Asker: 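I have a structure here, written as structure tokens, and I will follow up with some questions on it.
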Amino acid sequence: MVKFYNSLTRAKEEVPSHEGNVVKMYSCGPTVYYYPHIGNFRAYLFMDNIRRVLKYNGYKLDGVMNITDVGHLTSDADEGEDKMLVASQREHKSPWEIAKYYTDVFMNDAKALNIDLPEHIVPATSVIEDMIKFVEKLIENGYAYETSKGIYFDIAKFKDYGKLSGMNINEKLAGARIDVDEEKHSPYDFVLWVKAPKEHIMQWQSPWGMGYPGWHIECSVIGDKFLGETIDIHTGGVDHKPVHHENEIAQSNCHYGHQVVKMWMHLEFLQVDGGKMSKSLGNIYTLKDLAEKGYSAEDFRYFYFMAHYSKQQNFTFDAIEMAKNTLKSIKNLTKEHKNGTAVVDTISYEKEFLDCINDDLNMPKAIACVLRMLKEERSKDVYQTMMQFNQVLGLNLEEIEDDIPEEIKTLCEKRWQAKKNKDFATADSLRQEISNLGFEVKDTREGYNIIKK
Ligand code: AMP
Ligand code: ZN
């Protein structure tokens with residue numbers, strides 16, 4: 001049985017699902033206004049982890065992730081500047097160009113990390129019509145009201161407001177500063193639809209004049225459109241709990257008149273050198289920054305497994321170095337097992353690995369089990385079990401480089417070209433040269449492998 005920690009009920013629970021073992025899962029996606037950093041990718045590796053573990057257990061996934069390309073202000077509440085506008089001004093590009101560029105960056109990085117992406121990836125701007133209908137229904141049912149600035153959700157109408165993050169809204173209201181917007185019924189009412197000033201860069205026709213959506217509405221609407229009125233799992237970073245997810249719950253539950261998301265799962269933050277990533281400290285790293293320092297996307301993928309998602313994880317260059325080295329030795333050992341001849345009963349490892357991943361994604365423990373198994377006498381049984389575990393790990397275990405020097409790689413490539421050109425004499429002499437330098441080249445169906453002798 002797969003059990004995950006549900007942040008809403010504060011308990012580990014069996015994973016909910018729909019008919020046919022289908023898990024409907026929603027993940028809050030990136031705001032595409034800048035380069036995503038490794039903290040953001042911890043959130044998507046978390047999503048990947050859930051998806052792969054569920055698939056390993058025989059579930060089918062129906063997953064959705066939004067792409068925020070409109071409406072997200074620099075504060076998660078309704079304050080600050082529009083992030084897309086800030087980027088447009090910074091780069092002298094239209095918001096559409098900004099969104100396209102950073103969506104591509106995100107997708108390329110996600111691919112490099114071998115993230116198992118959801119079945120539907122939906123930009124917020126593609127569902128504006130649906131958002132308008134959704135907001136209209138909330139107004140009709142008395143959950144939202146209009147002011148001169150936009151349409152607001154009336155949180156007093158939703159008794160469970162604050163339940164997810166454990167905040168007592170009445171206490172909070174008592175201590176709240178007087179909101180500058182006197183038209184709002186409560187300072188915590190949040191915007192669903194903003195009436196746009198003429199010069200605003202992104203705006204659409206609506207029953208309330210030209211405008212654009214508030215940030216939170218996209219997730220309720222995309223979830224509704226692609227997954228329907230009950231969603232099994234909803235994921236996001238812990239920063240989303242107190243505002244974005246409270247608002248999503250309020251909108252969605254009031255829209256349907258019942259609870260929409262059964263299980264909420266939250267990921268703790270990635271820290272750098274024991275503190276928050278920040279521009280002023282110059283410690284916001286992207287995958288490209290890591291590559292420049294000699295660490296691959298896959299090294300970072302392995303680094304993710306070293307801590308439990310519910311704990312903060314501290315990024316340091318010592319830690320990623322350790323991840324890189326352990327990953328290298330996992331690959332080498334896997335290769336040795338591939339050629340092994342011993343007989344090893346791997347059933348106890350299979351059971352232990354499954355118990356770990358099904359116990360709220362205990363990856364550090366699952367990895368410890370993997371490392372122990374790899375110490376067994378070299379055996380094809382271990383290799384096969386490793387390949388099975390790799391459905392969850394998603395590592396490129398077949399690509400083993402063995403620290404092959406560039407010089408050798410170039411010689412091997414030359415030999416391969418010579419062979420393709422049927423110049424076997426040159427190919428043979430290059431093979432000899434490679435051998436004299438301590439390496440062996442073995443042809444395979446797809447190409448060749450280089451092995452250190
Ligand atoms: P954003 O693009 O800002 O909407 O954030 C995308 C995702 O990254 C959200 O799920 C955030 O919760 C998550 N996130 C942002 N910073 C971090 C961090 N330092 N560690 C882990 N997750 C983060
Ligand atoms: Zn969201």
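Counting convention: from 1, in listed order, for ligands and their atoms alike. Atoms considered below: every heavy atom in the structure, side chains included; atoms not considered: hydrogens, waters and symmetry mates. Source: prediction; values computed, not measured.
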Asker: Nearest non-hydrogen contact with atom 8 (O) of ligand 1 belongs to which option: Thr31, Asn40, Val272?
Answerer: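 Among Thr31, Asn40, Val272, the closest heavy atom to atom 8 (O) of ligand 1 comes from Asn40.
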
Asker: Is any protein N, O or S atom closer than 2.8 Å to the Zn ion (ligand 2), and if so, which?
Answerer: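 You should have found Cys28 SG, Cys219 SG, His244 NE2.
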
Asker: Show me which atoms of ligand 1 lie under 4.0 Å from any heavy atom of Gly237.
Answerer: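 In order of number, 10 (O), 12 (O).
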
Asker: Any idea how Trp264 and His266 line up, ring-wise: parallel (<30°), tilted (30 to 60°), or perpendicular (>60°)?
Answerer: parallel

Asker: Any nitrogen or oxygen of Leu270, side chain or backbone, less than 3.5 Å from one on ligand 1?
Answerer: yes

Asker: Does the plane of the ring in Phe134 sit parallel, tilted or perpendicular to the ring in His255? Use 30° and 60° as the thresholds.
Answerer: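 Geometry flag for His255 against Phe134: parallel rings.
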
Asker: Is Gly39 in polar range of ligand 1, meaning some N or O pair under 3.5 Å apart?
Answerer: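 So ligand 1 has an N or O lying under 3.5 Å from an N or O of Gly39.
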
Asker: Going by an N to O cut-off under 4.0 Å, is there a salt bridge joining Asp48 and Arg52?
Answerer: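 A salt bridge links Asp48 with Arg52.
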
Asker: Below 4.0 angstrom, N of the basic side chain to O of the carboxylate: do Lys133 and Glu136 qualify?
Answerer: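 Glu136 and Lys133: not salt-bridged.
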
Asker: Which of the numbered atoms in ligand 1 are below 4.0 angstrom from a heavy atom of Leu267?
Answerer: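 Atoms satisfying the 4.0 Å criterion: 21 (C), 22 (N).
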
Asker: Of all the atoms in ligand 1, which lie at a distance below 4.0 Å from a heavy atom belonging to Pro30?
Answerer: 2 (O)

Asker: Under 4.0 Å, counting heavy atoms only: does Gln271 come that close to any atom of ligand 1?
Answerer: no

Asker: Is any NZ, NE, NH1 or NH2 atom of the basic residue among Glu336 and Lys331 found under 4.0 Å from an Asp or Glu carboxylate oxygen of the other?
Answerer: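 Salt bridge between Glu336 and Lys331, a charged N being under 4.0 Å from a carboxylate O: no.
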
Asker: Near Met277, which atoms of ligand 1 are under 4.0 Å from a heavy atom of that residue?
Answerer: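 Selected atoms, number and element: 19 (N).
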
Asker: Looking at Glu352 and Lys365, does any basic side-chain N land under 4.0 Å from a carboxylate oxygen?
Answerer: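 Salt bridge: no.
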
Asker: Suppose I only count heavy atoms of Asp239 and a 4.0 Å limit; which atoms of ligand 1 are within that range?
Answerer: 11 (C), 12 (O)

Asker: Would you call Asp189-Lys184 a salt bridge at under 4.0 Å N-O?
Answerer: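 No, this pair does not count.
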
Asker: Would you mind checking if Lys12 and Asp359 are paired as a salt bridge, meaning a charged N to carboxylate O distance below 4.0 Å?
Answerer: yes

Asker: Kindly write out the residues that satisfy side-chain contact (heavy atoms from CB on, under 4.5 Å) with Asp318, not counting sequence neighbours, or none if the list is empty.
Answerer: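 For Asp318 the side-chain contact (heavy atoms from CB on, under 4.5 Å) partners, ignoring immediate neighbours, are Thr316.
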
Asker: Quick one: sort the Phe190 and His216 rings into parallel, tilted or perpendicular, breaks at 30° and 60°.
Answerer: perpendicular

Asker: Going by heavy atoms, is Tyr44 under 4.0 Å from ligand 1?
Answerer: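 Within the 4.0 Å threshold, so yes.
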
Asker: Does the plane of the ring in Phe353 sit parallel, tilted or perpendicular to the ring in Phe389? Use 30° and 60° as the thresholds.
Answerer: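 Parallel, since the angle between the ring planes stays under 30°.
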
